[in-house]
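Order of listing sets the numbers, starting from 1, for every ligand and every atom in it. Reckoned from all heavy atoms, side chains included, excluding hydrogens, waters and symmetry mates.
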Amino acid sequence: MLSLVDIHTFYGNIQALKGVSLEVKEGEIITLIGANGAGKTTTLMSISGIVPPRTGDVLFMGEAITRVNPDKIVSMGISQVPEGRRIFPYLTVLENLDMGAFLRDDKDGVKSDLDYVFSLFPILAERRNQAGGTLSGGEQQMLAISRALMARPRLLLLDEPSLGLAPLIVKQIFEIIKKINSENNTTIFLVEQNANLALKVAHRGYVMENGRITLSDAADRLLANEDVKKAYLGI
Ligand code: ATP
C-alpha cells in the first residue's frame with residue numbers, strides 16, 4: 001500500500017531522515033519506534049506531505065505522492081493524527097469532526113462515518129456540543145482520531161497517541177486502534193515512544209535511530225529481541 005524508497009528529509013540544513021525505506025501492506029498495523037529525535041515524526045510528515053522529502057520517493061497505491069500537496073494526499077486516503085492532538089479548542093466536538101470531512105461531498109457517507117465514530121467513542125456523542133478545548137486529554141485524543149477518521153482514510157498515521165495520558169485511557173485507545181484496523185479495514189502506521197505497547201498491537205515494526213531504520217521484523221520477534229529489550233523496553 002505504501003512504500004518509502006530511500007527518502008532524505010531536511011529542515012533547512014538539518015538532515016532528519018538519512019535514506020529511509022519501509023513498506024506498509026494493506027490491512028497491517030505497522031509501528032515505528034525509536035528514541036526522542038530519531039526522526040519518527042518527520043517520517044510521518046514526509047508521508048503526509050507536510051515536510052516533503054528532498055530526495056527519494058513515497059509511493060501510495062503504486063502512485064508517487066512525494067511532492068503532492070497535503071490536502072490532495074488526504075483526499076487520496078491518508079490521514080494523520082498529529083502528536084499533541086491539535087484539535088480546534090474553540091470549535092465544538094461536532095465542528096471538529098466536520099473539519100475532518102471538509103474535503104468530502106458525499107453527505108450520506110459523512111453521516112454514516114459520524115455514527116461510526118460515535119459508536120467507537122460514545123463519550124464524544126454525549127459531548128458533541130461541547131468545545132473541544134474543554135475535553136480531557138484522553139477525550140481530545142479520541143476526538144483527534146475521530147476527526148482523522150472522518151476523512152475516511154485507507155491509511156491512518158498516528159503520532160504518539162499515548163503521550164501524556166493515564167495508563168487506563170491509553171489501554172482504551174489502543175483497544176480502539178485495533179478495532180479500527182480489524183473492523184473497519186483501515187491500515188495503521190503507528191509512531192510510539194511506548195515501544196512495549198506499540199509492539200503488542202502491531203503486526204510488524206521498524207526501529208529508527210538517528211534518521212535511519214536500523215531493524216525491522218515481526219512485532220513479536222522485536223519484543224523478544226535482546227537489543228530492543230535493552231534499548232526500548234527497559235528490560
Ligand atoms: P520525538 O519522539 O521527540 O517527537 P522523533 O523521533 O519524532 O522525536 P523528529 O521530531 O522527527 O523525531 O525529529 C528528528 C530530527 O529533526 C531531530 O534532530 C529534531 O531536532 C529535528 N527537527 C524536527 N523538527 C524540526 C524543525 N522544525 N526544525 C529543525 N529541526 C527539526
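Inspection of the Asp159 and Gln80 side chains reveals no N or O donor paired with an N or O acceptor under 3.5 Å. Between the side chains of Ser21 and Asp6, not a single donor N or O lies within less than 3.5 Å of an accepting N or O. Counted by atom type alone, Thr42 and Thr9 present zero donor-acceptor pairs between their side chains at under 3.5 Å. In summary, the side chains of Thr66 and Asp57 do present a donor paired with an acceptor at a separation below 3.5 Å, with no hydrogens or angles considered.
Within the 4.0 angstrom cut-off, atom 19 (C) of ligand 1 has no protein heavy-atom neighbours. Distance check for atom 27 (N) of ligand 1: a protein heavy atom is found below 4.0 Å.
For atom 15 (C) of ligand 1, the closest non-hydrogen atom of the protein is Gly37 O, 3.7 Å. Annotation: atom 12 (O) of ligand 1 to nearest protein heavy atom, Gly39 N, 3.1 Å. Residue, atom and distance of the protein heavy atom nearest to atom 31 (C) of ligand 1 are Tyr11 CD1, 3.3 Å. Protein heavy atom nearest atom 10 (O) of ligand 1, with residue, atom name and distance: Thr41 CB, 3.7 Å. Atom 2 (O) of ligand 1 has its closest protein heavy atom at Gln193 NE2, 2.9 Å. From the protein, the heavy atom lying nearest to atom 13 (O) of ligand 1 is Thr42 OG1, 3.8 Å.
Near Ala16, with a cut-off below 4.0 Å to any heavy atom, the atoms of ligand 1 are 15 (C), 16 (O). Against a heavy-atom cut-off of under 4.0 Å, Ala38 is close to the following atoms of ligand 1: 5 (P), 6 (O), 12 (O).
Using a 4.5 Å heavy-atom threshold, the side chains of Leu149 and Asp113 count as separate.
If you look at Glu83 next to ligand 1, the close heavy atoms, those under 4.0 Å, all belong to the side chain.
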Go through it in stages, so that I can follow the logic: the residues are Glu83 and Thr41, the test is side chain to side chain donor-acceptor pair (under 3.5 Å), and I'd like the CA-CA distance, side-chain angles, deciding distance and then a yes or no. CA-CA 8 Å; Glu83 185 176 336; Thr41 296; 3.3 Å; yes

Using the side chain to side chain donor-acceptor pair (under 3.5 Å) rule, take Tyr206 and Thr214 through it: C-alpha gap first, then chi angles, then the decisive distance, then the call.
CA-CA 8 Å; Tyr206 289 89; Thr214 51; over 6 Å; no

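Heavy-atom separations between Gly34 and ligand 1 are all 4.0 Å or longer. The closest approach between a heavy atom of Ala35 and any atom of ligand 1 is below 4.0 Å. By the 4.0 Å heavy-atom criterion, Glu160 is counted among the residues contacting ligand 1.
Linking Ile, Leu, Val, Met, Phe, Trp and Tyr whenever their side-chain heavy atoms come within less than 4.5 Å puts Met1 and Met76 in one cluster.
Seen from the ring of Phe102, Arg147 does not count as a face-on cation partner, given the 6.0 Å and 45° thresholds.
Glu192 has no carboxylate O lying under 4.0 Å from a charged side-chain N of Lys40, or vice versa, which leaves the two without a salt bridge.
Nearest to atom 1 (P) of ligand 1 by heavy-atom distance, out of Leu44, Ile33, Asn36, Leu32, is Asn36.
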